[in-house]
Amino acid sequence: QVNAVESGGGSVQAGGSLRLACVTSGATYCMAWFRQAPGKEREGVASITSGGKTTYYADSVKGRFTISRDNAKSTLYLQMNSLKPEDTAMYYCAAITGACVLSRLRGMLPDGFSSWGQGTQVTVSS
């Protein structure tokens, strides 16, 4: 079981940047960032292997967002640049606590992840 606590959300204007952090406890697992806007389904944004060498991104954030991790600090990050109003959502981190199958990590379907944090709100105004 992994306990995850997200932070770093806030309100910014379009074109701005934010850096989200997710502090975890427990073993090191493959992890991902998800987001959910009001009235929409939760969607995967970016994912990363336990060692941090392989990353995947949703097409909507490629080139703007960067996922990384510092295992010594048990922290997962999401650097978000060139933010757009459509990035407005609650952002969550989650882990694959079993075997990290790369196809599951790449697919970023919420059902494949567990140990969700409480989320951090990101609001981007135009």
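Nothing here was measured: the structure is a model prediction, and the numbers come from that model. As a basis for the values below, the full set of heavy atoms in this structure was taken, side chains included, without hydrogen atoms, waters or symmetry mates.
Formation of a donor-acceptor pair under 3.5 Å by the S47 side chain with backbone atoms of A32 is not found in this model. Of the possible donor and acceptor atoms, one in the side chain of T49 sits under 3.5 Å from a partner among the backbone N and O of T54. Panel note: side chain N71, backbone G51; no donor-acceptor pair is recorded below 3.5 Å. Within the 3.5 Å criterion, the main-chain N or O of S82 finds a donor-acceptor partner in the side chain of R64. Put simply, the side chain of E6 gets close to the backbone of Q118: a donor and an acceptor are under 3.5 Å apart. In this structure a side-chain-to-backbone donor-acceptor pair under 3.5 Å is missing from Y56 to S103. Distance alone, capped at 3.5 Å, is enough to place a donor-acceptor pair between the T88 side chain and the V124 backbone. Counting only distance, with no hydrogens or angles, the side chain of T75 and the backbone of K73 share a donor-acceptor pair below 3.5 Å.
Of all the heavy atoms in A4 and S115, the pair that sits closest is CB-O, 3.9 Å. Of all heavy-atom pairs spanning S126 and P85, the tightest one is CB-CG, 3.9 Å. Scanning both residues, N81 and S17, for their nearest heavy atoms gives OD1-OG, 2.9 Å. Here the shortest heavy-atom pairing between Y57 and A46 reads CD2-CB, 3.6 Å.
Aromatic ring orientation, Y92 versus W116: perpendicular (interplanar angle above 60°, classes split at 30° and 60°).
Hydrophobic clustering (ILVMFWY, side-chain heavy atoms < 4.5 Å, transitive): L105 and V45 are in distinct clusters. Y29 and F113 are not part of a single hydrophobic cluster, where members link through side-chain heavy atoms under 4.5 Å apart. Under the 4.5 Å side-chain heavy-atom criterion for ILVMFWY residues, a single connected hydrophobic cluster contains both Y91 and V61.
Remark: I67 CD1 to W33 CH2 distance equals 8.0 Å, nearest 0.5 Å. Rounded to the nearest 0.5 angstrom, T55 OG1 and K62 NZ are separated by 10.0 Å. The distance from the OG1 atom of T123 to the CE atom of M90 is 8.5 Å, given to the nearest 0.5 Å. With rounding to the nearest 0.5 angstrom, the SG atom of C93 is 6.0 Å from the CG atom of L76. For the atom pair L78 CG and R69 CZ, the distance stands at 13.0 Å (nearest 0.5 Å). Between atom CD of residue E86 and atom OG of residue S60 there is a gap of 9.0 Å, rounded to the nearest 0.5 Å.
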(message) Between D87 and K84, is the salt bridge (Lys or Arg N to Asp or Glu O under 4.0 Å) condition met? List the steps.
(response) CA-CA 5 Å; D87 295 318; K84 303 176 180 180; over 6 Å; no
(request) Report the C-alpha separation of E43 and R35 in whole Å, then their side-chain angles, then the decisive distance to 0.1 Å, and conclude whether the side chain to side chain contact (heavy atoms under 4.5 Å, CB included) test is met. (result) CA-CA 6 Å; E43 62 173 351; R35 66 187 181 186; 2.7 Å; yes
(request) Begin from the C-alpha positions of M31 and C100 and carry the test side chain to side chain contact (heavy atoms under 4.5 Å, CB included) through to its verdict. (result) CA-CA 9 Å; M31 296 196 69; C100 184; over 6 Å; no
(message) Determine whether L20 and V122 satisfy the following criterion, side chain to side chain contact (heavy atoms under 4.5 Å, CB included), listing intermediate values before the conclusion.
(response) CA-CA 9 Å; L20 306 184; V122 172; 4.0 Å; yes
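Side chains of T97 and S114: a donor on one and an acceptor on the other come within 3.5 Å.
Cation-pi check for R19 over Y77 is met; the charged atom lies under 6.0 angstrom from the ring centroid and within 45 degrees of its normal.
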